[in-house]
2 protein chains.
Amino acid sequence: MSRIDNIAEVVRFHRKEAGLTQKQLADLAGVGKTVVFDIEKGKASVRLDTLEKVLDALNLKMTVHGPLMKRENEKG
Amino acid sequence: MSRIDNIAEVVRFHRKEAGLTQKQLADLAGVGKTVVFDIEKGKASVRLDTLEKVLDALNLKMTVHGPLMKRENEKG
DNA sequence: CAGAAATTACCGCTGTAGCAGTAATCTGCT
DNA sequence: AGCAGATTACTGCTACAGCGGTAATTTCTG
């Protein structure tokens with residue numbers, strides 16, 4: 001439900017790519033193993049900071065933008 | 001801290017753009033006024049689904065991608 | 001400047017996210 | 001097939017996100 005669960009696939013793909021288990025990624029990101037599983041399961045109610053930690057550990061970025069693909073954020 | 005707080009600016013900018021007050025946006029998104037304020041304040045520990053509701057109401061999208069700008073998700 | 005509207009900042013309450021631990025199921029490897 | 005490691009799925013617990021209400025402060029408008 002919602003495009004959020006694509007995050008699940010992206011996270012899983014990149015975790016595998018990095019050769020990490022869920023537990024290893026969890027430790028690396030400083031979160032619990034449960035939440036890594038939850039994210040990969042597509043759970044929508046994870047906290048943003050928790051997701052961010054996991055994305056950081058995988059070198060992934062999150063951006064918010066309008067419907068016209070214009071980039072509106074992005075760290076400087 | 002972190003690039004998350006750019007979300008704050010994007011949300012606020014687009015809320016103003018849409019001519020909405022925080023309360024109006026909250027009602028429109030189906031969330032409490034408090035969390036709209038929190039998001040615009042840059043609070044990192046908001047829930048992903050809550051943020052998504054607010055972004056949806058503003059017609060904004062969230063994407064996750066690798067460091068090379070390659071788009072990895074995006075709903076079809 | 002005054003009054004109105006919006007924003008910021010508290011409050012207490014309720015539901016649940018995140019945690020570790022454990023067990024069961026699913027994988028892949030030889 | 002048999003074993004090891006990984007994943008999935010629970011449990012109980014604690015901390016806090018999100019909620020509405022309200023008050024103080026800031027911003028807008030005449």
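Sequence lines set the chain letters: A, B, ... in the order given, protein chains first and strands last, and positions in each chain run from 1. Keep in mind that what you see is a predicted model, and the values were worked out from it rather than measured.
In the set C:dC19, D:dG18, D:dC19, the nucleotide with an atom closest to the side chain of A:V35 is C:dC19.
The hydrophobic cluster containing A:V11 also contains A:L20, counting ILVMFWY residues as joined when their side-chain heavy atoms lie under 4.5 angstrom apart, directly or transitively. Note on B:L58 and B:L28: same hydrophobic cluster, where clusters join Ile, Leu, Val, Met, Phe, Trp and Tyr whose side-chain heavy atoms are under 4.5 Å apart, directly or indirectly.
Contact of the B:L60 side chain with the A:H65 side chain is not registered, since no non-hydrogen atoms from C-beta on lie closer than 4.5 Å.
Every side chain to side chain contact (heavy atoms under 4.5 Å, CB included) that B:S45 has, sequence neighbours left out, goes to A:R47, A:D49, B:K43. Taking B:Q22 as the reference, B:E40 meet the side-chain hydrogen bond (donor to acceptor under 3.5 Å, both in side chains) condition, with sequence neighbours excluded. Residues satisfying the side chain to side chain contact (heavy atoms under 4.5 Å, CB included) test with B:T21, not counting sequence neighbours, are B:K23, B:Q24. For B:A29, the side chain to side chain contact (heavy atoms under 4.5 Å, CB included) test picks out B:V31, B:K53, B:V54, B:A57, with sequence neighbours left out.
The separation between B:F37 atom CZ and D:dG20 atom P is 16 Å, rounded to whole Å. Per the geometry, CD1 belonging to A:I39 stands 7 Å off P belonging to C:dG18, to the nearest Å. Following rounding to the nearest Å, A:D38 (CG) and D:dT7 (P) show an atom-to-atom distance of 14 Å. To the nearest angstrom, C1' of D:dG18 lies 14 Å from CG of B:L51. In this structure, B:R12 atom CZ and D:dT26 atom C1' are separated by 11 Å, rounded to whole Å.
In this structure, the separation between OG1 on B:T50 and CG on A:L48 is 10.0 Å, given to the nearest 0.5 Å. Rounding to the nearest 0.5 angstrom, the gap separating the CZ atom in B:R15 from the CD1 atom in B:I39 is 11.0 Å.
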Exercise for review: Assess whether side chain to side chain contact (heavy atoms under 4.5 Å, CB included) is satisfied between B:M62 and B:L51, documenting all intermediate values.
Suggested key: CA-CA 10 Å; B:M62 226 170 169; B:L51 177 59; 3.5 Å; yes

Atom pairs under 3.5 Å: protein N/O with N/O of nucleotides 12-16 of chain D:
none

**Study point:** Contact state string [nucleotides 21-30 of chain C, B base, S sugar-phosphate only, - no protein heavy atom under 4.0 Å]
**Key:** BB--------

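A rotation axis mapping the C1' atoms of four pairs onto the next four is fitted at both ends of the helix from C:dC1-D:dG30 to C:dT30-D:dA1 over five pairs, and the angle between these axes is 80° to 10 degrees.
Less than 4.0 Å separates DNA chain D from at least one heavy atom of each of the following residues of residues 18-29 of chain A: A:T21, A:Q22.
At the heavy-atom level, A:K16 lies under 4.0 Å from the strands shown only through sugar-phosphate atoms.
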